[in-house]
Protein chains: 2
Amino acid sequence: MTAPSGPRKGRPRNADADGAILAATREALAELGWGGLTMGDVAARAGVAKTTLYRRWPSKNELVVAAVAEQLDELEMADLGSLRADIEAVVAQFAALLSAPETQAALLALFAEATRDPLLRKRVRESIIEPQKRLVIAGRAAAQTRGELPMDSCEEMASAAVDIIFDTVAGTVVHRMLVSGEPATAEWISAFTTLLLAPLTEIAAG
Amino acid sequence: MTAPSGPRKGRPRNADADGAILAATREALAELGWGGLTMGDVAARAGVAKTTLYRRWPSKNELVVAAVAEQLDELEMADLGSLRADIEAVVAQFAALLSAPETQAALLALFAEATRDPLLRKRVRESIIEPQKRLVIAGRAAAQTRGELPMDSCEEMASAAVDIIFDTVAGTVVHRMLVSGEPATAEWISAFTTLLLAPLTEIAAG
DNA sequence: CGATATACGCTACGACTCGTAGCGAAAGAG
DNA sequence: CTCTTTCGCTACGAGTCGTAGCGTATATCG
């Protein structure tokens with residue numbers, strides 16, 4: 001379904017233009033931010049006319065959402081064999097994602113817009129937040145099968161544990177990368193993981 | 001120093017206008033977001049002329065920074081007699097403040113703009129982030145006098161501890177309230193405090 | 001009291017951006 | 001060849017930022 005049955009008659013769209021425009025949007029977003037980004041500038045960077053942008057996306061907001069969504073389709077998670085390694089991998093992944101200036105500006109601009117647009121907020125949560133939560137769930141499950149963490153006594157506690165761990169990891173990394181503005185060095189990741197490991201078993205046990 | 005010795009001659013500024021303008025800014029920011037907020041609209045809401053805004057703040061950015069900073073000055077650190085109670089109280093305060101839509105939109109819009117504007121980023125850190133560290137400092141001092149935490153072995157370690165604690169608390173609460181969009185229930189606050197208390201003494205001890 | 005100095009509201013302005021409309025030309029389908 | 005769609009280009013109306021000028025209101029100083 002949703003077969004992209006493009007128009008069968010007429011001049012076809014430039015297939016390369018979409019990627020070039022979205023890349024130019026992310027580039028401009030990194031340099032100028034949401035407010036400083038202009039459609040004319042994006043068009044010039046992509047080497048197309050401004051009217052071409054509006055022919056493919058109805059507004060500046062929609063264009064930026066599409067540009068960020070395309071960027072966030074790369075997220076994955078690996079089982080590294082130990083709880084510490086998995087946590088450090090998750091933290092490093094967050095940090096790497098947030099170290100790109102274009103992602104910083106794009107994500108925060110999206111979050112800001114989402115605070116007053118419930119539809120956009122829902123889309124951000126489903127496309128960005130929940131997938132990251134699955135990383136925590138997978139890591140916990142792997143640690144439990146390895147015997148590093150006790151099995152969940154009940155489903156409710158497990159869900160709460162996932163939420164609190166995710167909020168702490170994501171929140172702290174985001175705060176450090178975006179607010180403090182300091183990079184997540186290997187030393188910092190290791191120290192934060194140590195800090196996180198101490199109470200983890202307690203919470204997991206319930 | 002920095003005695004705000006205002007001009008001694010000439011018509012004095014309307015003392016009520018500052019508060020009205022900042023309140024109008026937060027209100028407009030909640031309804032329209034950063035991009036939708038206009039200086040003319042803020043002036044109309046506050047019942048002043050647009051030129052009055054520019055007479056008191058040099059730009060839209062600075063006005064929003066001041067509006068958000070004023071909002072966050074409401075936070076206070078209460079001495080409730082135990083470290084756990086103090087932490088839970090300040091987390092609850094912070095969460096309650098961030099549950100207001102106007103604060104959500106304001107903070108996120110500000111952070112988003114700050115990712116591209118180093119000067120604005122610096123202003124945000126100085127006017128909003130750094131002043132809130134006083135809560136951590138006060139809470140730690142109270143806990144130390146009560147004997148719940150050891151005294152600082154050296155100033156450098158104490159400063160690092162304050163930074164880490166603040167980053168974790170602020171980052172986690174902000175993330176949960178603004179990004180995940182879930183309320184900070186009493187259960188969540190209690191669980192997060194437990195998570196925070198375990199490594200706290202280690203860090204404080206150095 | 002008058003002179004001085006500042007804040008105020010109002011209007012207008014230049015520069016810039018959004019998003020749209022119209023034009024001729026290009027590129028494919030039937 | 002004809003029809004349809006996309007393309008780049010130019011121009012436009014509406015709206016915003018931040019500034020300047022003007023007359024007026026309200027304070028301090030001599």
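Predicted model only: the values in this text are computed from it and were never measured. Every chain is numbered from 1, with letters handed out A, B, ... down the list of sequences. Computed from heavy atoms alone, side chains included, the values below leave out hydrogens, waters and symmetry copies.
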Of all the nucleotides listed ([options]), which has the minimum atom distance to the side chain of [X]?
X     : options                : answer
A/S59 : C/dG19, D/dG18, D/dT6  : C/dG19
B/M39 : D/dC17, D/dG8, C/dG9   : D/dC17
B/P12 : C/dG28, D/dG18, D/dT26 : D/dT26
A/A49 : C/dA7, D/dT6, D/dG8    : D/dG8

Distance check needed: [N] [atom2] versus [X] [atom1], whole Å only.
X     : N      : atom1 : atom2 : result
B/K60 : D/dT19 : NZ    : P     : 14 Å
A/D18 : D/dC7  : CG    : C1'   : 14 Å
B/D16 : C/dA7  : CG    : P     : 16 Å
B/L32 : D/dG15 : CG    : C1'   : 14 Å
A/E62 : C/dG19 : CD    : P     : 11 Å
B/Y54 : C/dC8  : OH    : P     : 16 Å
B/N61 : D/dT16 : CG    : P     : 17 Å
A/N14 : C/dG28 : CG    : C1'   : 14 Å

Problem - Any donor-acceptor pair under 3.5 Å from B/R176 side chain to B/P183 backbone - result: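 Yes, the answer is positive, given that a donor and an acceptor are paired below the 3.5 Å cut-off.
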Please write out each protein N/O paired with an N/O of nucleotides 24-26 of chain C under 3.5 Å, distance rounded to 0.1 Å.
{"residue": "C/dA26", "atom": "N3", "partner": "A/R11", "partner atom": "NH1", "Å": "3.3"}

Hey, is the side chain of [X] poking within less than 4.0 Å of OP1 or OP2 on [N], counting only N and O atoms?
X     : N      : result
B/T52 : C/dG9  : yes
B/R13 : C/dA5  : no
B/K9  : D/dA27 : no

Problem - CD1 on A/I165 to CZ on A/R140, rounded to 0.5 Å - result: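 It comes to 5.5 Å.
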Handout entry: Rounded distance [0.5 Å steps], CD in B/E27 versus CZ in B/R45
Key =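 Nearest 0.5 Å value for the CD-CZ distance: 4.5 Å.
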Problem - Side-chain heavy atoms of B/V136 within contact of B/V169, under 4.5 Å - result: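 A side-chain contact under 4.5 Å is absent here.
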Handout entry: B/V65 side chain reached by B/W57 side chain, heavy atoms, under 4.5 Å
Key =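 A side-chain contact under 4.5 Å is absent here.
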Practice task
Assign A/L37 to base, sugar-phosphate, or nothing according to its heavy-atom contacts below 4.0 angstrom with the strands shown.
Solution key: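 A/L37: backbone/sugar contact only, no base atoms under 4.0 Å.
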Exercise for the section: Remember a base hit wins even if backbone is also touched, and classify B/K50 as base, sugar-phosphate or nothing at under 4.0 Å, heavy atoms. Expected result: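 Contact class for B/K50: base.
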Problem - Residues B/R56 and B/E62 bridged, charged N to O under 4.0 Å - result: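 No, no charged N to carboxylate O under 4.0 Å.
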Handout entry: B/R146 bridged to B/D86 by N-O distance under 4.0 Å
Key =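 Salt bridge flag = yes for B/D86 with B/R146.
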Exercise for the section: Can you see which heavy atom on B/T168 is nearest to which on B/F192, and at what distance? Expected result: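 Answer, listing the atom of B/T168 first, then B/F192: O-CZ, 4.1 Å.
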Problem - Most 5' of A/D41 and A/R55 on DNA chain C, judged by nearest nucleotide - result: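 Counting from the 5' end, the first nearest nucleotide belongs to A/D41.
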Practice task
On DNA chain D, check which nucleotide each of B/P58 and A/T51 is closest to and give me the residue with the more 5' one.
Solution key: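 On the 5' side of the pair lies A/T51.
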